[in-house]
Amino acid sequence: ASYLLGLTGGIGSGKTTVANLFHARGIDLVDADIIARQVVEPGSSGLHAIAKHFGAEILQPDGTLNRAKLRQYIFANENERLWLNSLLHPMIRETMLSSAKKADSPYVILVVPLLFENGLDRLVDRTLVVDISPELQISRTAKRDNVSEDQVASIVASQVSREQRLAMADDIIDNRGVIAELEKQVDLLHQKYLALAASKTK
Ligand code: ATP
């Protein structure tokens, strides 16, 4: 597909839920979280570079990345965080774009939690933001992950604000209601994106 839609939203807003509704309508998905894991899987050049930089103690006995340790390192040292981002972000970006090109649905959705934060909105033709209130983000995520509401609230506070995200959105999908209401909005947006994708390739 050559028409790319970037789907984003805060933690627990319903990105996965919305993406699955588009997928049910025949649209291919490229998930940034999955690709972020692929680029550091055993045997990858990403993992090789990380092990060279931080030393073999960044690997678990089975050869996979010790994510908890890596998180500690980059939390404690801003330069290490920048180094890691400059290694991985281009890899993630290139892998997402090549997967999107290979997909053969009329348009393709890149599901990217930090679409605006990481500037990936510049790679897509259009952005769609899933919107709910911070209160709903907190209650739905705490329930889903069986974690405390305080823990989710601190993640919500670390992301771009609801207002900033909405200001940057081309389209907004309201996920405060029931799934049936979400389906109606997805149907309308899907028709709109089919038309936009068709007019781009002409
Ligand atoms: P994350 O950012 O953590 O990856 P997400 O944005 O992908 O989350 P989902 O996992 O799709 O969000 O949704 C968060 C939780 O809210 C899930 O348990 C999901 O089933 C539930 N949920 C999503 N939409 C609704 C809705 N309209 N009504 C009730 N529950 C919902």
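Numbering of ligands and ligand atoms starts at 1, following listing order.
Using a 4.0 Å heavy-atom cutoff, A19 is absent from the residues neighbouring ligand 1. Residue contacts with ligand 1: T141 is excluded, as none of its non-hydrogen atoms falls under 4.0 Å. Taking 4.0 Å as the cut-off, G12 counts as a neighbour of ligand 1 on heavy-atom distance. By the 4.0 Å heavy-atom criterion, G9 is excluded from the residues contacting ligand 1.
Side-chain atoms of Q185 come within 3.5 Å of backbone N or O of D174 as a donor-acceptor pair. Without hydrogens or angle criteria, D28 side chain to A103 main chain gives no donor-acceptor distance under 3.5 Å. Distance alone, capped at 3.5 Å, places no donor-acceptor pair between the K15 side chain and the T8 backbone. In this structure, the side chain of D131 does not engage the main chain of I172 through any donor-acceptor pair within 3.5 Å.
Side-chain contact between P113 and Q159: absent, with no pair of heavy atoms (C-beta onward) separated by less than 4.5 Å. At a threshold of 4.5 Å between non-hydrogen side-chain atoms, the residues L120 and L110 do not count as touching.
Considering backbone and side-chain atoms together, V178 places no N or O closer than 3.5 Å to any N or O of ligand 1. Between L182 and ligand 1, no pair of N/O atoms sits closer than 3.5 Å.
In this structure, the protein non-hydrogen atom closest to atom 24 (N) of ligand 1 is N175 ND2, 3.0 Å. Nearest protein neighbour of atom 21 (C) of ligand 1, counting heavy atoms only, is R140 CD, 4.2 Å. Nearest non-hydrogen protein atom to atom 7 (O) of ligand 1 is T16 OG1, 2.6 Å. In this structure, atom 12 (O) of ligand 1 lies nearest to the protein heavy atom G14 N, 3.1 Å. Of the protein's non-hydrogen atoms, the one nearest atom 2 (O) of ligand 1 is K15 NZ, 2.6 Å. The protein atom (non-hydrogen) at minimum distance from atom 17 (C) of ligand 1 is R144 CD, 3.8 Å.
Between Y107 and H190, the two ring planes are tilted [angle within 30° to 60°].
In this structure, Y73 has its ring center at least 6.0 angstrom away from the ring center of H53.
Every atom of ligand 1 is numbered from 1 in the order shown, and the set under 4.0 Å from a heavy atom of T17 is 9 (P), 11 (O), 13 (O), 19 (C), 23 (C). Residue contact check: I179 has heavy atoms under 4.0 Å from atoms 24 (N), 25 (C), 26 (C), 27 (N) of ligand 1. Those atoms of ligand 1 that come under 4.0 Å of a heavy atom in I11, given as number and element, are 2 (O), 3 (O).
The pair E78-R81 meets the salt-bridge criterion, with a side-chain N (NZ, NE, NH1 or NH2) lying under 4.0 Å from an Asp/Glu carboxylate O.
Remark: of the listed residues D171, L115, D170, D171 is the sole one forming a side chain to side chain contact (heavy atoms under 4.5 Å, CB included) with L128.
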